[in-house]
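Notes to accompany the following structure.
Counting begins at 1 with the first residue of the sequence.
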Amino acid sequence: MIGVLRQGFPFVADLVNSDGDLHKRLRAPFMKVFVPERLQALEDSIRAIANRLVDNFINDGQVDIISQFTYPLPLEVILTMYGVPLEMMANIKKWCLDMTTLLSSQLTPEKQLECAHSFVAMQHAVAGLIEERRKTPQNDLISDIQDSDLSMNEQVIILCGLILAGHKTTSHLIASTIKLLLEQPQLWQAVCDTPSLIPAAVEEALRYDAPVPAMIRTTTEEVSLAGVTLPQGTRLFLMYGSANRDENQYSNADSFEIERFKQTTANHLAFGHGVHHCIGSNLARREGRIALEVLSSRLPNLRLRSNQQLTYIPALMNRSFTNLYVEWDVT
């Protein structure tokens, strides 16, 4: 497997595993792409994609909402935003799934090789797009970062990570929010009747069942936590999901309450904290809100399929389901 990975680009620092001036340098070129006015300009296209996806299954009366809606929606949005041709969508989906599997699961040697080949294929595909944009810039993220001082190696590694994270976690967010609302039909009815509740419902879903519930981090200096001294260089498994259920921070922390953040600013850790706060958090929120606005307006009688067995994806630092079947009455 290592031999296969060496055919790609060497691993270098990215937005997740860098700090200080290095982190600022790596992050800066991407910040201008995620400014509010750029995201606002995406609103109509996100809504159009969501409605087109619903058109594909609205007359069927049932669907796996993950495979047909919550996954393809953010994937198409992120590919369009970054400048990745939609003809590559099927390949990107496979490559990203294989990347997640490679980094999160115990695999046979044969499967490791397959996933490693996917990882390298995605790297070279992204490198090819970078070369194209250097010659012929377009109105997309890959073109926008070409005036930065990022090396080709840095661009490839960071873009592969952002393409993966930019759709997978948002898919998990939308799916979990749908599931939580439909588990209590009165909550789904509430957002159908009062769409202004949707942003608060999304924030509560982020708090209650974060799509990234944990992250591996390393202490940069000696620190004491709860009476335990941790030396510099200690590897930690930070459970953001646990912090989001802290009874000292949230009343009835183990309850899903869609009006919790209606009047107050959300203070959960679903997107991390500080300099490592997720760069795409506002895009994810926007996609989640629009997805629920479209579904609640077009399928107000949506419900969970009864007696289905929900299976979580086999990934340590991501939380969602492999499938989520929903039904509605076709009129």
Side-chain angles (χ1 to χ4, degrees), residues 1-18 22-23 25-27 29-30 33 67 71-72 74-138 140-146 148-172 212 215-216 278-280 313-318 320 322:
M1 181 188 71
I2 299 301
V4 173
L5 293 176
R6 284 175 177 161
Q7 298 171 19
F9 288 78
F11 289 98
V12 293
D14 60 19
L15 304 186
V16 175
N17 59 18
S18 61
L22 174 59
H23 180 77
R25 182 179 70 80
L26 297 177
R27 188 180 177 100
F30 299 93
V33 182
S67 66
Y71 192 94
L75 179 56
E76 183 169 341
V77 170
I78 210 71
L79 295 187
T80 302
M81 181 180 179
Y82 286 16
V84 180
L86 295 183
E87 294 78 18
M88 294 176 62
M89 184 179 291
N91 283 337
I92 292 289
K93 179 178 180 180
K94 174 176 169 44
W95 293 337
C96 286
L97 290 174
D98 285 348
M99 284 172 59
T100 301
T101 301
L102 182 64
L103 299 173
S104 303
S105 304
Q106 291 185 329
L107 304 174
T108 64
E110 293 76 18
K111 187 63 176 177
Q112 285 183 345
L113 285 175
E114 178 185 341
C115 292
H117 279 294
S118 282
F119 198 2
V120 171
M122 183 170 178
Q123 289 180 343
H124 285 294
V126 169
L129 292 172
I130 293 170
E131 292 287 4
E132 290 178 10
R133 295 304 185 275
R134 286 177 173 176
K135 297 174 183 176
T136 310
Q138 299 181 18
D140 55 45
L141 181 147
I142 295 178
S143 299
D144 287 345
I145 64 173
Q146 295 312 307
S148 71
D149 65 350
L150 298 182
S151 68
M152 169 66 86
N153 201 155
E154 289 170 333
Q155 288 190 48
V156 170
I157 295 299
I158 293 173
L159 282 168
C160 284
L162 287 179
I163 291 171
L164 173 64
H167 76 276
K168 180 179 64 175
T169 54
T170 304
S171 171
H172 298 344
V212 181
M215 184 69 68
I216 297 172
C278 175
I279 195 171
I313 58 173
L316 189 62
M317 290 179 288
N318 300 104
S320 189
T322 55

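Atom CD1 in I163 sits 7.5 Å away from atom CE in M88 (nearest 0.5 Å). Taken from OG1 in T80 to CG in L141, the straight-line distance is 12.5 Å, to the nearest 0.5 Å. Distance check: F119 CZ to C160 SG gives 6.0 Å after rounding to the nearest 0.5 Å. One distance of note links CD1 of I216 with CE of M317; it measures 4.5 Å at 0.5 Å rounding. Taken from CG in L79 to NZ in K93, the straight-line distance is 12.0 Å, to the nearest 0.5 Å.
Every residue was checked against the side chain to side chain donor-acceptor pair (under 3.5 Å) condition with Q138, not counting sequence neighbours, and none meets it. Applying the ring-ring contact (aromatic ring centres under 6.0 Å, His included) rule to H23 yields the partners H276; only residues at least two apart in sequence or on another chain are considered. For the side chain to side chain donor-acceptor pair (under 3.5 Å) test, no residue two or more places apart in sequence or in another chain qualifies with Q112.
The aromatic rings of H167 and Y71 stand perpendicular to each other, their planes meeting at an angle above 60°, with 30° marking the opposite boundary.
L15 is listed as a side-chain neighbour of L162, based on a closest heavy-atom distance under 4.5 Å. Looking at F30 and I158, their side chains come closer than 4.5 Å, going by heavy atoms from C-beta outward.
Only one option out of L75, I78, L97 pairs with I92 in a side-chain contact (heavy atoms from CB on, under 4.5 Å); it is L75.
Scanning both residues, I157 and Q123, for their nearest heavy atoms gives CD1-NE2, 3.6 Å. Scanning both residues, V33 and M81, for their nearest heavy atoms gives CG1-CE, 3.6 Å. L129 and P85 get closest at one heavy-atom pair: CD2-CD, 3.7 Å. Nearest heavy-atom pair, A13 versus L26, reported as atom, atom and distance to 0.1 Å: O-CD1, 3.5 Å. For the residue pair R27 and C278, the shortest heavy atom distance occurs at NH2-C, 4.3 Å. Contact between S148 and P29 at its shortest, heavy atoms only, is CB-CG, 3.5 Å.
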Does V126 form a side-chain contact (heavy atoms from CB on, under 4.5 Å) with Y82? I'd like the steps, not just the answer.
CA-CA 10 Å; V126 169; Y82 286 16; over 6 Å; no
side-chain contact (heavy atoms from CB on, under 4.5 Å) assessment of I130 paired with L159:
CA-CA 10 Å; I130 293 170; L159 282 168; 3.9 Å; yes
Under the criterion side-chain contact (heavy atoms from CB on, under 4.5 Å), I'd like the reasoning laid out for R25 against L150: C-alpha separation, chi angles, the key distance, then a yes or no.
CA-CA 8 Å; R25 182 179 70 80; L150 298 182; 3.7 Å; yes
Worked verdict on C96 versus M122 for side-chain contact (heavy atoms from CB on, under 4.5 Å):
CA-CA 8 Å; C96 286; M122 183 170 178; 3.9 Å; yes
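Inspection of the T101 and D98 side chains reveals no N or O donor paired with an N or O acceptor under 3.5 Å. Q146 and Q155 are linked by a side-chain donor-acceptor pair at a separation below 3.5 angstrom, with hydrogens and angles left out of the test.
Checking side-chain atoms of E114 against main-chain N and O of E110 turns up no donor-acceptor pair under 3.5 Å. The backbone N or O of G83 sits less than 3.5 Å from a side-chain atom of R133, completing a donor-acceptor pair.
Taking a 6.0 Å sphere around CZ of R134, one finds it holds more than 12 heavy atoms contributed by other residues, nucleotides or ligands.
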